[in-house]
Structures are given as C-alpha cells and as structure tokens.
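Have a look at the structure below, then the notes.
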Number of protein chains: 2
Amino acid sequence: MKDGAEGAGRAAPAGRKDARRNKEALLDAAAAVFVTSGVDAPVRDIAARAGVGLGTIYRHFPTRADLIIAVYRHQVDACAEAGPALLEGSPSPAAALAQWIDLFVDFLVTKHGLAEVLRSDDAGFEVLHAYFLDRLVPVCTRLLDAAVGAGEVRSHLGAYELMRGVGNLCIGADSDPRYDARRLVAALVAGIRTSPS
Amino acid sequence: MKDGAEGAGRAAPAGRKDARRNKEALLDAAAAVFVTSGVDAPVRDIAARAGVGLGTIYRHFPTRADLIIAVYRHQVDACAEAGPALLEGSPSPAAALAQWIDLFVDFLVTKHGLAEVLRSDDAGFEVLHAYFLDRLVPVCTRLLDAAVGAGEVRSHLGAYELMRGVGNLCIGADSDPRYDARRLVAALVAGIRTSPS
DNA sequence: TGCTAAAGCGGAACACTGTTCCGTATCGTC
DNA sequence: GACGATACGGAACAGTGTTCCGCTTTAGCA
C-alpha cells in the first residue's frame, strides 16, 4: 500500500542513491555479523563491516531493533505465511500447529541470540517484540483455534502465551549441547494436547 | 569442614570486624536493591546503598554472580532440601516432582530478573549457573527418576534439560501480566507425563 | 558545465555500564 | 603509642549504545 510500483528496481528508490547503497551494505553487513557474532554484536562492528560511520547506521535504523527486523523480515513473513498453508495441507489441525511451531523454533534456534533479545526488556526492543507478535500471533491464534475446535488441544493457553513460551524455550539453545530446545518445545506442545500422542 | 565451631556468633568470624560489618551491609543492601531494581541493578547502586565504595564490593564479591549467590543461597538450599521431603510425603512421585517444580518457579518468578541472569551467557555468570545446577539438578534427578520408575513420566528429558526449560519459561514472568509462567510450566510438566492428568 | 541547497556522512563526544588499581585509613596487636 | 597487615574508597579504565554537528556528496537547475 505504501510503496507504489516502480519501473526500475524492486523497491521504492526514495532518497539519494548513495543512501540506498549504504542501507543495502548495512543490511548485508548486519546479516553477516549476526551470523558470526550473534544479534547483539556491537553496533560499531556492523558499521565497520559495512564501511560506514556510526551516524549512518543510526540514520537508517534508529534503533538496533529496527535493523534486526529489517534483516529478518523476510523470514518472519515466510513463517507467518506458512501457517495457513500448513493448516490446509494437514488433516489434523494439531499436527499443523506442531509443524508450524517447528518452523518457528528452527528460525529462532539458528539465529544466535535472537530469542534472548526478543525477550529482552531493555527499552528499544519493544518494537522488535511487537513486530514478531503482530506478525505471528494472529497466525498462531488461527492454528490454535482450529486445533481446539477439533478437540485436539486444550484451551488453557492463549496464542500469545504459547508463542512466548516457545520463544523462551529457545533461549540459549545454541551454545549448550546439553540443551535441546526442540525436545522441550515438543514436550510443551504435548502438554497442551487433549490426549497423549 | 572449613569453618570450625565458634562460641559467639553464628558464622566463622574470620578477618577484621569492620570487614564483616561491611559484608553484612552489602548483603542487606543487595537484597533490598534486588527487590526494587532487579538482580541486574548497577553495582554502584548497591555500593551506595550499603554506604561503601566500589572497591569494597568487589573485594567481598569478586563478581556480581557471587553476590547474587550469597543473597539467595539460603533460598536455593531450602528448595534443594524440600525435594526429598516432598518425595517422601507424597504417594505419587510425579506429584512430588510437580510440587517441587512449583517451588522452584515461585522462587524464580518472585526475583526480578533472576531467571534472565541465570540464563545469561555473559562471562562471569557461569559460577551462578553452576551453583544453581550443582545444587538443584541432583534433587531434580532424584524426583524425575522416581517418577519415571513409577511409570508416571516418560524418560525423554534429563533433569538438566527440564530445569533449564522451567527456568527459561520463567523469564520475563514478572513485567508482563499477559504471560503466566506457572501455566506454561504446568503444560510442560503435563507434556512429560505418560498419561494426561 | 558550474553552482547551490538539501541530503547524507563520519566520527568525536557523551552517558552509563562493569572492573581494576593503588594511595590512604583503619584495625588489632605488641 | 607504634606498627604491620588488612581493608577501604573512589578515580581511572574499558566497552557498550546513542547523539550531535561540521563537512562532503549528490542532484537538480541555469
């Protein structure tokens, strides 16, 4: 709605050309640094890697959360869009829910420190928290409602709580071989089902 | 073994008197500050409240984790000791396990930010992590083994994983009325049982 | 092509952390 | 009372995020 169709590139080329180039470089650099040093890598590292100054990074992304969102937006969107597809493709809503949660867990676990920062109560991360929630809670709600409607899942928990719980269980999943977040999440999901699987 | 019996006080009064007084003041101040500002309150705040300098706090507690441990040691010990008692007092090992976990959750949830810091991978907190684990995992193992032995709980998860999962679920439990850690933990515990409760 | 206002850039500087270090003050003893 | 060991206080250092402003680059226009 906001970005009109453009003839040349793929996104609305507003502003100066060098500004766009820098923003692009920043996104690439951030993605690379996030992989090696985690999402909470020093801002200076990202700026250095992109070859820009600190002012530039803060102009394009007023807060670190904005940068994280920009880097992962595509993947979050993909996860959100997979929800309805899963629901249609599966005879059992509970199975669809479980598969979708697996998708979410895979996403979180492979992003060094994302779950931590998602859960951080530092000011400035509400926007990140809000983005994930806005995008994913509705999807989860739909899956959960379907499963509850089919009598496969108890209605104790809201979608928000479920997602928060799953997110929390993913914290520290990397960096500790003794801790397998997927197993814990599986147990949690089993715990909300009406019958033992 | 290390502290011999003493006639006067309750603990071994080693070192100077003023040093002991300061350590005491520091513990009191830390406990108070933890309540109001959370476990991750600035070190300076604690020192100021105790009326001592920064050097003093670092001499008595080389790292913040040591201070946290000192403040909560009694409660952690109480939790550890409650385990065997619960097991004996209950006909169902699974019920004992659930009760014990409730104890642990209550402890974590009422301590602003303890669960977060327990999970932090910042260097210097391994000692805190280790203390909790050393003290509580054996207790949890015993309860879990009993429950598995009674056929009430599946043996998917180790005690370590279970405790980590429970700890993670407690993160951010205060400061968000929409999130009820106890409910999530209950679901997790339900998920490891052999039959739906 | 050359000029100019706007847009953008870089990084010094600030605020706030944890942590170290050492000159000074205090304690307990002789 | 003097003295050595012990402990104290807080300045100073290091590593964060974030702001700010003088300078540079861009892009439109004559």
Side-chain angles (χ1 to χ4, degrees), chain A residues 8-9 12-27 29-30 33-34 37-71 112-113 116-117 120-128, chain B residues 8-9 12-27 29-30 33-34 37-71 112-113 116-117 120-128:
Chain A
R16 273 207 235 165
K17 192 167 43 177
D18 60 341
R20 256 175 297 144
R21 183 160 24 83
N22 274 332
K23 186 165 185 174
E24 204 64 33
L26 236 11
L27 281 174
V33 171
F34 286 172
S37 310
V39 229
D40 52 354
V43 182
R44 282 167 177 79
D45 289 1
I46 301 170
R49 169 121 192 185
V52 306
L54 281 169
T56 304
I57 201 171
Y58 276 99
R59 171 183 339 284
H60 288 295
F61 306 100
T63 172
R64 166 203 291 284
D66 293 306
L67 181 54
I68 298 178
I69 291 176
V71 168
H112 245 53
E116 281 86 336
V117 91
S120 163
D121 46 2
D122 288 4
F125 284 103
E126 311 87 16
V127 50
L128 179 61
Chain B
R16 271 209 238 163
K17 191 168 44 177
D18 58 342
R20 256 177 296 142
R21 183 160 26 83
N22 275 332
K23 186 164 185 175
E24 204 64 35
L26 236 12
L27 281 173
V33 171
F34 286 172
S37 310
V39 231
D40 52 354
V43 182
R44 282 165 177 79
D45 289 3
I46 300 170
R49 169 122 193 183
V52 305
L54 280 169
T56 304
I57 201 171
Y58 276 100
R59 165 142 355 86
H60 288 294
F61 307 100
T63 170
R64 166 204 291 284
D66 293 306
L67 181 54
I68 298 177
I69 291 176
V71 168
H112 245 52
E116 282 86 336
V117 93
S120 164
D121 45 4
D122 288 4
F125 284 103
E126 311 87 16
V127 51
L128 179 60

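In what follows, every heavy atom counts, from backbone to side chain, and hydrogens, waters and symmetry copies are set aside. Numbered from 1 within each chain, the chains take letters A, B, ... in sequence-line order.
- The separation between B/Asp40 atom CG and C/dT19 atom P is 13 Å, rounded to whole Å.
- Shortest non-hydrogen contact noted between A/Ala41 and A/Val33 is CB-CG1, 3.4 Å.
- The CZ atom of B/Arg21 sits 7 Å away from the P atom of C/dC27 (whole-angstrom rounding).
- Residues A/His112 and A/Phe34 come closest through the heavy atom pair CB-O, 4.0 Å.
- Within the 4.5 Å cutoff, the side chain of B/Leu128 has no heavy atoms near those of the B/Asp66 side chain.
- For the pair A/Asp122 CG and C/dT17 P, the interatomic distance rounds to 12 Å; values are reported in whole Å.
- Distance, B/Lys17 NZ to D/dA7 P: 14 Å, rounded to whole Å.
- Using a 4.0 Å cutoff on non-hydrogen atoms, the parts of residues 50-64 of chain A near DNA chain D are A/Leu54, A/Gly55, A/Tyr58, A/Arg64, ordered by number.
- In this structure, A/Asp18 places its CG atom 12 Å from P of D/dG28, rounding to the nearest Å.
- Using a 4.0 Å heavy-atom cutoff across all strands shown, B/Ala41 reaches sugar-phosphate atoms only and no base atom.
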Exercise answer: donor-acceptor pairs, residues 43-62 of chain B side-chain atoms, under 3.5 Å, sequence neighbours excluded:
none

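- One can place CZ of A/Phe125 at 13 Å from C1' of D/dT18, the figure rounded to the nearest angstrom.
- Atom CZ in B/Arg20 sits about 15 Å away from atom C1' in C/dT26, given to the nearest Å.
- Checking B/Pro42 against A/Arg44, the closest nucleotide of DNA chain C that is more toward the 5' end is the one next to A/Arg44.
- For the OP1/OP2 pair of C/dC9 and a distance below 4.0 Å, the side-chain nitrogens and oxygens of A/Asn22 include at least one atom meeting the criterion.
- Atom CG in A/Leu27 sits 6.0 Å away from atom CD in A/Glu24 (nearest 0.5 Å).
- Within the 4.5 Å cutoff, side-chain heavy atoms of B/Asp18 are placed close to those of B/Arg21.
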